[in-house]
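Start at 1 and go down the list; that is how both ligands and their atoms are numbered.
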Amino acid sequence: MMRRVLGLACFLLVLLPAIWADHPIVWDTMEITHDAQPDEREVTVTFNFRNASDQPVEIHNIVTSCHCTVVRPHPNPWVIPPGASEKLEAVVDVRSRRGGLSKRIYVGSSAGEQKLVVHVNVPVPPAAKREMNLQLAQLDRQVVLTGDCASCHVTPALGRTGQELFAAACLICHTDDTHRATFVPDLHVARVRRDAEYWRKWISDGAPGTLMPGFAKEHGGFLERDEIDALVAHLLATLPTEPVSP
Ligand code: HEC
Ligand code: HEC
């Protein structure tokens, strides 16, 4: 028994690091930290690597930890000849983010999976900028879905469904982070009973006299009726329906 444990310990201590150290794909760095500029909406980072072995390596699968992180186009499968150097570029969308975030990229190849990490620090915009957006929204709550506002509030949501649509279209304001405005409610808490009609009405029409916009086409929004129905079904399935009694 003791010998087996010792044998396993030797294997873990001696052999495993040797196997890891020998991965044919060698990266200049596997972790990049980027400090975003105040107006930077997408951050591009480049990971340089080379095939340090004498055999070709085939990268067949690259997966990111969030739809906000996209790897720039590359051949698929991507065959790296022996000794060849290449670069992998990733773009992180930070339009709805503030503060620090970390995204992972998993690179699957014929030699096994490797993990890359991108850390981005997103500066909080000047209070005056947020105040100006607020004033514009107070004049017309629909303005947020138009013009330059749309580049953050609409573009990332186009063509998305389910949780991705909810995150891009709704959580940008109804965020779980500490930067959510005090007058924007937390949608993870039911304050009244929330059935399909409740969600449909809020999403389609919003609430006149507040800063909650209407997303239906007839209000100048970008969601078709069937897209709203699909989002309603997603929210009914994932968020609480019954209010918590005080
Ligand atoms: C660069 C991306 C970006 C642009 C452009 C943008 N917003 Fe926003 N907006 C956000 C984020 C992120 C939040 C979440 C709160 C925060 O962190 O400031 C937000 C929140 C809001 C809120 C909720 C209240 C609040 O302050 O949190 C309103 C209303 C709003 N935006 C309106 C607008 C309007 C109107 C425009 C155009 C004049 C606009 N936004 C342009 C990213 C943007
Ligand atoms: C521009 C920022 C903004 C965006 C984007 C936004 N909301 Fe809102 N939402 C608000 C504000 C502000 C209120 C509070 C309205 C009020 O004063 O009653 C609100 C209220 C609500 C309420 C009522 C919640 C309660 O507890 O009273 C629901 C439901 C809701 N929003 C759903 C959504 C959904 C779903 C989306 C995405 C399709 C969305 N919102 C997108 C700003 C926003």
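Counting the atoms of ligand 1 from 1 in the order shown, those under 4.0 Å from a heavy atom of V143 are 35 (C). Every atom of ligand 1 with a heavy atom of L136 under 4.0 Å away is listed here by number and element: 38 (C).
Classification of the W27-F49 ring pair by plane angle, with boundaries at 30° and 60°, yields tilted.
Heavy-atom proximity to atom 3 (C) of ligand 1, evaluated over C152, G147, A137, is greatest for C152. Atom 18 (O) of ligand 2 has its nearest heavy-atom neighbour, among W202, F166, F215, in W202. Remark: among candidates C149, A169, C170, the nearest residue to atom 38 (C) of ligand 2 is C170, based on non-hydrogen atoms.
Protein heavy atom at the shortest distance from atom 39 (C) of ligand 1 is N133 ND2, 3.4 Å. The nearest heavy-atom contact from the protein to atom 17 (O) of ligand 2 is T210 CG2, 3.5 Å. Of all protein heavy atoms, the one closest to atom 32 (C) of ligand 1 is V144 CG2, 3.6 Å. In this structure, atom 31 (N) of ligand 2 lies nearest to the protein heavy atom H174 NE2, 2.9 Å. With hydrogens left out, the protein atom closest to atom 11 (C) of ligand 2 is M212 CB, 3.8 Å, a heavy atom.
Around NZ of K115, the count of heavy atoms belonging to other residues, nucleotides or ligands within 6.0 Å does not exceed 12.
Neither the backbone nor the side chain of V192 comes within contact range of ligand 2; no heavy atom lies under 4.0 Å. Within the 4.0 Å heavy-atom criterion, the part of R95 lying near ligand 1 is the backbone and not the side chain. Under 4.0 Å from ligand 1, the heavy atoms of R41 that appear belong solely to its side chain. Residue contacts with ligand 1 for I172 involve both N, CA, C or O and side-chain atoms from C-beta outward (heavy atoms, distance under 4.0 Å). With a 4.0 Å cut-off on non-hydrogen atoms, R194 does not touch ligand 2 at all.
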Applying side-chain contact (heavy atoms from CB on, under 4.5 Å), run through H74 and I62 and close with a yes or a no.
-> CA-CA 10 Å; H74 53 81; I62 304 181; 3.6 Å; yes
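The shortest N or O to N or O distance between H179 and ligand 1 is under 3.5 Å. Below 3.5 Å of separation, one finds an N or O of H153 facing an N or O of ligand 1. Looking at ligand 1, you'll find an N or O of R130 within less than 3.5 Å of one of its N or O atoms.
Within the 4.0 Å heavy-atom shell around ligand 1 one does not find T175.
Inclusion of C173 in the first shell of atom 8 (Fe) of ligand 2 is not supported: no N, O or S atom falls under 2.8 Å.
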